[in-house]
Amino acid sequence: MSSEGDVTYAGPDIEKKASIAESVQSGSHGGPVPVSFYHQDRDKVQRSLNGWHIQMFAIAGVIGTGLFLGLGSLLTVTGPLGALIVFTQVGTVAFTSLASITEMAAFAPISGSFSHYAARWVDPALGFAVGWNYFYTCAITLPGEITAAAALIGYWDHNPDHVAIYVAVIIVVVYAVNLMGARRITECSLSTAEIVFGTLKRELYLFVVIGGLVITSGGGPDHRTRGFQYWRHPGPLVSSLEPGARGRFIGLLLGIVYAAFSMCGMEIVTLAAAETRNPRKNLVKAMRTVFFRIFICYILTTFIIGLLIASNDPDLFKKTGNAGQSPFVLVFNRAGVKVLPHIVNAVVLTSAFSSANGMLFSASRLLFALGVQGHAPRFVTKVSKSGLPYVAIILGGLLSFLAFLNVNNHAGRVFNWFVNLSAVGSLFSWMMIGITYLRYYYGLKAQGIKREGIYGVYRSRLQPYGAMWVIFWSLFFILTSGISVFWSFNGPDFVAAYINIPIFVLLYVGWKVYKRTKIVPLKEMDFVTGIPSVEETEEAGFVEKSRGLRKVRDFL
């Protein structure tokens, strides 16, 4: 048995394992194909973000148009009770996925968490496919957020000829914020912007919850008491495509896409592992804090909106036709409030911009990580003197120009395409995180390495069953994501729902054939090479004590 700091290994000797890893990396191990390992010389980003930055960045990036605008689409297909059911179910998958990736990121806080772990502990070809899939997911979400922002501006300006101008301005501003620089400048621009927008979202959430309770109780300008009237008519659940119980079940399946789109992105707390100070402490704390804040926000907000807006309201933002309004705006319009709808729409607009900002950050870091691993051209790993991956940022945002589809199509329809593409891509990422975690979990056991021996590593008591839960439900959601097209076939909608499946398969099979990769045996999985020690990453500090509800949170 050997130890390194607070890390205890009960398996093979560290020096022997490192020697094996080095020989595999150099190609002298006698195997058919060198395993894709971490290119430490290319990872030159700086650890300049603290725990508060990544928490606020994740909250600001996740709580966005999926809630403030997409909730309208969700209500129209599920009803108020159905929306709560769908968010709860997807929330369990999101949490177990986040718990899985956080444990691996705390073990190895380096660039390219998703793709690197899949390549290292499963199959280099899977790492290639996962990396490009998640990059594509973030990159395709970016024009979706810009589309939403343009639709929100349409609340004030109804001239369709101005859409292209608004899209262009948003793209320029998002690029500018991300290219301002790293460390000192990043903390003043990108991080500060996300903190400001995250604060605005939090205040909007509290305002809607409190204001919604007042309005539903008869305290609005119209003095009308609503209570649960919309739960009685048109009803708590909506029948979609077919009448009766089967239609209500189909409605829940249709809502999965919107819920997954709304909750995807919490993994961003691990994407910044290589740029985070004290990552093993801050990532775990951020994971716990971010999920519970976001989940409670979604549940409470959905409940309040369900009390105040009917699921068949003609002005809700829908997937077809002209873009409607955000349910947050409709709440105060329906109550007869004059000024507040404009203020709320303005805050929701900043939310869309914030989410777009977060997606470009994520896409650029993922592209940078692909370059670090040798899965993308090496020039994408170029950084400025301050450590900013500027080439990855420029290339990572190119898909934002797809938002100009709004010029010739209805914003609601275009937004729905991006929602499907992004949601299914995120579900693929969740499923691959579950598969990678199981390999990580059983690889440690096979080599006799104790998870308990690593200081600061998050160890969920739900594992390994949590990872199995993620795999099963993610696959189920992927297969049912386009169920509506089988009732009324539509080519673009079918492609948006299922194009991710052949893309992922082609990425995996293509790289596997091209590189002749093999699944890494459990006994040969590398848990040493390129992983910084505790002394290299962690600074002296306090350990958060568990009190009250934190004990429940920490147990999970």
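- Between Thr301 and Ile304 the shortest side-chain heavy-atom distance does not fall below 4.5 Å.
- In this structure the side chain of Phe295 reaches within 4.5 angstrom of the side chain of Met263, judged on heavy atoms.
- For the residue pair Tyr437/Glu103, the side-chain donor-acceptor check at 3.5 Å is satisfied.
- Annotation: side chain of Phe135 is not in contact with side chain of Leu399 (no heavy-atom distance under 4.5 Å).
- Taking the side chain as every heavy atom from C-beta outward, Met104 and Trp121 approach each other to under 4.5 Å.
- A side-chain donor-acceptor contact under 3.5 Å links Thr102 to the backbone of Leu98.
- For Trp511 and Thr517, the side-chain atoms include no donor-acceptor pair closer than 3.5 Å.
- In this model, a donor atom of one side chain and an acceptor atom of the other lie less than 3.5 Å apart for Ser429 and Asn133.
- Note: Phe428 and Phe504 have parallel aromatic rings, judged against thresholds of 30 and 60 degrees for the angle between ring planes.
- Counting heavy atoms from C-beta on, the side chains of Leu462 and Thr96 come closer than 4.5 Å.
- For the pair Ile393 and Arg365, the minimum side-chain heavy-atom distance is below 4.5 Å.
- Residues Lys518 and Asp123 are not paired through a salt bridge, judged by the lack of any N-O separation under 4.0 Å between the basic side chain and the carboxylate.
- For the 3.5 Å distance criterion, the side chains of Asn420 and Tyr498 fail to qualify, holding no donor opposite an acceptor.
- For Tyr440 and Phe107, the ring centers sit closer than 6.0 Å to each other.
- Taking the ring centroids of Phe477 and Trp473, they lie under the 6.0 Å cut-off.
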